[in-house]
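Okay, structure first, notes after.
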Amino acid sequence: MPSSSAGTLATVVVACSVTAAVTFYLTATAAERKVLAEKKRQYERDLELKEKTIAARKLSGEPTGEVIDDVTVDKVYLWNIEDLKKRFTPCNIENVMRNKASTTTNPYYFPSMKKSASNDSMAELSDGKPTPYNKLITNHECVLGEIVRKPNQQPYTHGYVRAGPRRLLHFDPAKVNAAIVTCGGLCPGLNNVIREIVNTLSQTYGIGGKIFGIQGGYNGFHDFEHYRPVELTPELVANIHHEGGTVLGSSRGGFDLDKILHFLKSNKVSCLFVIGGDGTHRGAFRIHEGCMEQGMNVAVAGIPKTIDNDVDYIDRSFGFESSVEAAQVAIRSAKTEAICNMPNGIGVVKLMGRSAGFLAGHATMASGDVDLCLLPEVPIVLDGEKGCLPHLRKRVKEQGYAVVVVAEGAGEDLLGVSAETDASGNKKLPAIGTHMKQEIEKYFKEKGDIATVKYIDPSYTVRSVPANASDSLYCMQLGQNAVHGAMAGFTGFSLGRGSGSSQMHVHLAHFQFTPRGAPVLQSFARDQLTVQVQESGPHGTTVPIKYLQPTTSGKTLGCYKCPAGGHKQSLRAITENAIAKATLLAKSALDPKCIMRYYISVFLPNVTYPLPTCSIPEKQLRKLHNQTAGLFLN
Ligand SMILES: Nc1ncnc2c1ncn2[C@@H]1O[C@H](COP(=O)(O)OP(=O)(O)O)[C@@H](O)[C@H]1O
Ligand SMILES: O=P(O)(O)OC[C@H]1O[C@](O)(COP(=O)(O)O)[C@@H](O)[C@@H]1O
């Protein structure tokens, strides 16, 4: 800034301050000035004390910051991962990076150019010097599960085994054969994970055996007529990370445990890397169990893949962010179409998300352009006071157009659950996108208006894109850590990024019933909610009110005190009250463990708060929370 303008600015600032002080002096009462002066003195005393404390702590090596007495963590319960070392003899070779160089990575080389290097110089190149890791992880290092701590919360938390290289190896790298398979739907980053596993096995660990690329998902282990296993090398995978999809191909169905175990045995595979979603992980868990039953010394590692981001324990699955990004193009197009097509333009975008609305919800919030977002977790209310159609009409009246995002799994409550399934047993979804288009047009017509609705289904385009930079980095870490875990002898584990940016190992078994998005929410929202109020019990005793759904078994809605004489009427009132509370909980679909879902589920059903600008007063939020979670957590 030139000095003259700086001078002018300083003059203006001083002038304003003086004016403010004079105005305050003239308008404030003497009592107010006294209070303010005391506050200022107190603030200065506190500041001085704080500075002295910090200085003293620094001197004694104590951490700075305020000690909160009512937030404590005394115990950490570690989810153990099965360790092959306990069942089979480990090689216990010291783990160092072997740095085996790849011989060519330039995609523009002709094979003849490659050959021009002499054999000697190639050997020299690929003979890197082993170097130690700058950080090795011990098995008792962990990543804390519940990192958000509330005052007076139970003083324990779960911990997950921290991922990363271990000091001693279970498998002798010289003897390792490995296999990689990708199953289920596509997801950005699959190729990055494959590439990283291959590079880590070949270059960092310098394994002596082969890496089998199983083509076409689980089918590729046995259906050799259609899918032949390929041998993966760093040269082959050098440039695959720039492409979407999976070079190995994928499929649904085709899981045959005996044949898979036979393949692993006959090819002496000791590390199997399975990349896929919850279905794939269920399969991987069975392979792990099968190996243990048959005494096979095989490490089975899962890498969770899902653009739906519906894997429990893991903050974010790889590829999710890239898909959210890809969805922005469709939302922007929908907005342009809506603005330009008159009268009353409405752009409807359908996004993937079988039973979890994370993709639709995140894409909506990231875009800031969406007026209504419909998710699988929340039943759709079309008309009435809180209906989405009147809300949409209101938004169109206010701004001339509106944008709608609908997750493909939303609206089963409207259209019914399909009995059809795909080859993996996943149920097919009703056509909610086109249904919403028709409903919007019909509603506007009934109200004497015309709606110009443009329907956009970006469909597979959001999941077939290459991984963005952030996902690529994540895939790299996942691939490396899967190999570190397997080479150290862990088995039946999967990986993810938990609290913050730490990578963790999670036992495969946990994946069996805990996809994060739908199941819990869905069963709450869609099953007929029933609660059990026991009649028995002496007057005044506290009796829990239990949920009867299998998915919620063990959880109680709340408690009640047994009325005197077991009056039928009081019991009926308690039951009705309990059902009302349970339904409220079901509608709000509140899960205090997942803030995003909390946010989406609580806010979205109340469509008078369009998402991008939605705000709910703190007081109202607390009330909702108390009405629902408080009871649920009893
Ligand atoms: N319970 C299970 N046991 C064994 N394999 C399974 C199981 N559930 C699904 N699979 C297999 O896992 C693979 C991928 O499952 P799918 O549900 O299609 O995708 P995703 O893993 O992405 O959820 C399919 O080959 C399917 O047959
Ligand atoms: O048409 P496809 O290939 O069977 O896949 C559709 C499904 O795949 C997904 O992208 C991911 O599903 P999976 O996790 O089961 O692979 C879903 O969002 C979508 O419903």
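When reading the values below, keep in mind they use all heavy atoms of this one structure, side chains included, and skip hydrogens, waters and symmetry mates. One-based numbering, in listed order, for ligands and for the atoms of each. These figures come from a predicted structure and were not determined experimentally. If you read the sequence from its start, that first residue is 1, and numbering goes on from there.
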Option whose closest heavy atom lies nearest to atom 4 (C) of ligand 1, chosen from Ser251, Gly283, Cys187, Gly276: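 The residue whose heavy atom sits nearest atom 4 (C) of ligand 1 is Gly283.
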Give me the residue, atom name and distance of the protein heavy atom closest to [atom].
| atom | result |
| --- | --- |
| atom 18 (O) of ligand 1 | Ser424 OG, 2.5 Å |
| atom 5 (N) of ligand 1 | Phe255 CG, 3.4 Å |
| atom 8 (N) of ligand 1 | Gly279 O, 3.5 Å |
| atom 3 (N) of ligand 1 | Arg286 NH1, 3.1 Å |
| atom 2 (C) of ligand 1 | Arg282 CB, 3.7 Å |
| atom 22 (O) of ligand 1 | Lys305 NZ, 2.8 Å |
| atom 25 (O) of ligand 1 | Gly253 O, 2.7 Å |
| atom 19 (O) of ligand 1 | Arg252 NH1, 3.3 Å |

Nearest-0.5 Å distance, CG of residue Leu414 to CG of residue Leu374: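 The CG atom of Leu414 sits 9.0 Å away from the CG atom of Leu374.
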Side chains of [X] and [Y]: does their closest heavy-atom pair fall under 4.5 Å?
| X | Y | result |
| --- | --- | --- |
| Ile197 | Val237 | no |
| Phe171 | Leu84 | yes |
| Thr491 | Cys291 | no |

Could you give all pairs that pass the side-chain hydrogen bond (donor to acceptor under 3.5 Å, both in side chains) test and reach residues 216-233, with sequence neighbours left out? Asn219-Ser251, Asp223-His226, Thr233-Glu235
Just let me know how Asn426 lines up against ligand 1, side chain, backbone, both or neither, with a heavy-atom cut-off below 4.0 Å.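 Looking at Asn426 and ligand 1, just side chain atoms fall under 4.0 Å.
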With sequence neighbours excluded, tell me which residues meet side-chain hydrogen bond (donor to acceptor under 3.5 Å, both in side chains) with Ser323. none
Assess the pair Phe263 and Phe212: is the distance between their ring centroids shorter than 6.0 Å? yes
Gly277 heavy atoms within 4.0 Å reach ligand 1 at atoms 20 (P), 21 (O), 22 (O), 23 (O)
Counting from 1 in the order shown, the ligand 1 atoms closer than 4.0 Å to a non-hydrogen atom of Tyr218 are 11 (C), 12 (O), 13 (C), 25 (O)
Among Ile331, Val349, Ile346, the one residue meeting side chain to side chain contact (heavy atoms under 4.5 Å, CB included) with Val404: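 Among Ile331, Val349, Ile346, the one meeting side chain to side chain contact (heavy atoms under 4.5 Å, CB included) with Val404 is Ile346.
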For ligand 2, what is the set of protein residues having any non-hydrogen atom at a distance below 4.0 Å?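 Protein residues near ligand 2 are Gly184, Gly185, Arg252, Lys305, Ile307, Asp308, Met352, Gly353, Arg354, Glu408, Tyr460, Arg463.
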For Lys210, does the NZ atom sit with more than 12 other heavy atoms under 6.0 Å from it, leaving out its own atoms? no
Here's one to test your reading of the geometry: is the NZ or CZ of Arg497 within 45 degrees of the ring axis of Tyr474 and under 6.0 Å from its centre?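 The answer is yes, since Arg497 meets both limits relative to Tyr474.
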Partners passing salt bridge (Lys or Arg N to Asp or Glu O under 4.0 Å) against Lys335 (at least two apart in sequence or in another chain): Asp369
